[in-house]
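First up is the structure itself, then whatever we jot down about it.
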Amino acid sequence: MSSLSRLLHRTFSTSKTPPQPNPNTIQSLSTALYKERNLRTLVDKFKSSCDNDRFRTKTGIYVSTVRRLASAKKFPWIKEILEHQKHYTHDISKEGFTVRLISLYGKSGMFEQAHKVFDEMPELKCDRTVKSFNALLGACVNSKKFHKVDELFRELQEKLGVKPDVISYNTVIKAFCEMGKLEEAVLMVDEMEKNELKPDLITFNILLHGFYGKGQFVDGDKVWAKMENSNVVPDIRSYNAKLVGLVCENKMAEAVELVGGLGSKGVQPDVHCYNALIRGYCKDGNLEEVKRWYGEWEKYDCAPDRATFATLIPFLCEKGELDWAFELCKGIIHRRRLVDGAMLQLVIDGLVKESRIEDAKKLAEMGKSNNYTCYKVEVPSQD
DNA sequence: GCTGACGGGG
């Protein structure tokens with residue numbers, strides 16, 4: 001047990017230290033080759049680990065491995081490890097396992113492959129129920145083939161004789177919202193009700209996100225009213241959908257009021273609320289309010305995260321608030337999940353522009369020792 | 001256990 005976990009951790013952990021980054025071309029080429037070799041090793045280790053029955057139950061490792069390969073655009077390797085799964089005839093005949101493959105292909109944007117697995121299910125001796133039907137719809141959405149979703153939904157219902165459930169409808173509604181076809185999304189709700197399926201919290205959240213996100217408050221409020229009439233209790237995501245809409249429309253006073261009122265509704269504000277407000281004030285160019293809200297973190301049950309800094313740091317650089325940006329970077333640079341190399345480079349460039357070469361070098365040095373790949377200090381010429 | 005549905009920036 002523990003030896004398997006240790007092996008898994010050693011092999012598939014993402015916290016492996018990359019080699020020393022270097023802006024020099026030859027060096028960065030060798031870094032790229034190193035990464036490539038590393039990923040190839042990962043693929044081989046993954047495939048051989050699959051022979052272990054317990055390994056194949058580790059959904060999380062499948063997800064993180066495929067995600068790493070997808071972000072490196074190694075799509076043939078994704079195909080290699082997922083097609084390899086078909087050797088495990090006992091597993092592949094279980095719908096849950098095959099659904100996993102379909103959904104992993106979908107998350108990698110490989111809809112064609114997802115569809116192929118779905119089509120092969122009969123010959124893989126695997127039953128197809130509404131579960132794999134939904135997995136395929138979801139893969140279609142995740143691959144951003146939104147226009148295909150509705151067609152697939154109609155076509156497969158007939159072909160397979162499956163009866164769609166709430167999840168099927170929610171997936172199609174999501175696709176319509178993504179395409180901005182909000183009226184059609186609402187028509188789908190009518191259709192599901194006709195088929196005696198009740199829209200649930202997720203249905204409403206998808207719609208709220210669609211309408212409010214496009215600044216359509218009147219229709220968004222209609223969805224909200226329908227949600228309440230259906231005795232569906234809004235959660236933090238429902239409120240955040242509205243909040244994002246308010247922030248997009250620069251309605252900051254209403255946005256603040258909304259967040260302030262959450263407590264009395266028994267809803268705990270989360271990091272998305274704060275980021276939305278900070279984003280709004282950055283968009284407004286309102287440094288005072290950005291400062292004020294940033295300081296509010298500790299009063300609540302959340303901490304600034306990657307999205308916070310991704311909003312805040314470019315804003316501070318633009319405003320010439322290099323002191324604050326510099327301090328923030330120094331504080332979070334050892335936590336890679338919070339800040340990326342592009343953010344550091346922004347601050348370094350800002351410092352250089354103010355002729356604070358020593359500070360720029362210091363930050364670049366810190367970046368280097370924390371294995372960031374982006375840390376160039378280009379000293380402007382003196383003339 | 002066997003994950004099919006809702007989030008944020010560039």
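Only heavy atoms go into these numbers, but all of them, side chains included; no hydrogens, no water, no symmetry mates. The chains referred to below are lettered A, B, ... by the order of the sequence lines, with proteins before strands, and numbering in each begins at 1. Note that the structure is a prediction, hence the values are computed from the model and not measured.
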Quick one: label R279(A) by what it contacts on the DNA or RNA (base, sugar-phosphate, nothing), any heavy atom closer than 4.0 Å. sugar-phosphate

Counting any heavy atom closer than 4.0 Å, what does T57(A) reach on the DNA or RNA strands: base, sugar-phosphate only, or nothing? base

Non-hydrogen side-chain atoms of F326(A) and D359(A) separated by less than 4.5 Å: yes

Give one of base, sugar-phosphate or nothing for I206(A), where a contact means two heavy atoms less than 4.0 Å apart. sugar-phosphate

Quick one: is the NZ or CZ of K174(A) closer than 6.0 Å to the six-membered ring centre of Y169(A), and within 45° of its axis? no

Using a 4.0 Å heavy-atom cut-off, does D235(A) contact any base of the nucleic acid, only the sugar-phosphate backbone, or nothing at all? nothing

What is the 5' to 3' range of DNA chain B, first to last nucleotide, that sits under 4.0 Å from any heavy atom of chain A? dC2(B) to dG10(B)

What contact category does K174(A) fall into here, base, sugar-phosphate, or nothing, at under 4.0 angstrom with non-hydrogen atoms? sugar-phosphate

Provide the full list of side chain to side chain donor-acceptor pair (under 3.5 Å) pairs with a residue in residues 159-168 of chain A, sequence neighbours left out, each pair given once. N134(A)-D165(A), N134(A)-S168(A), D165(A)-S168(A)

Just to be sure I understand the rule, does V63(A) reach a base, reach only the sugar-phosphate, or reach nothing, if contact means heavy atoms closer than 4.0 Å? nothing

Which part of the nucleic acid does V130(A) contact within heavy-atom distance under 4.0 Å: base, sugar-phosphate only, or nothing? base

Check for a donor-acceptor pair, side chain of N52(A) on one end and backbone N or O of R54(A) on the other, with a separation under 3.5 Å. yes

Classify the nucleic acid contact of D200(A) as base, sugar-phosphate or nothing, counting any heavy atom under 4.0 Å across all strands shown. base

When all nucleic acid strands are considered with a 4.0 Å heavy-atom cut-off, which category describes D340(A): base, sugar-phosphate, or nothing? base

Find the distance between CG (D270(A)) and CD1 (I236(A)) and round it off to the nearest 0.5 Å. 4.5 Å

Reference residue Y88(A); test side-chain hydrogen bond (donor to acceptor under 3.5 Å, both in side chains); the match among Q85(A), H84(A), H90(A), K86(A): H84(A)

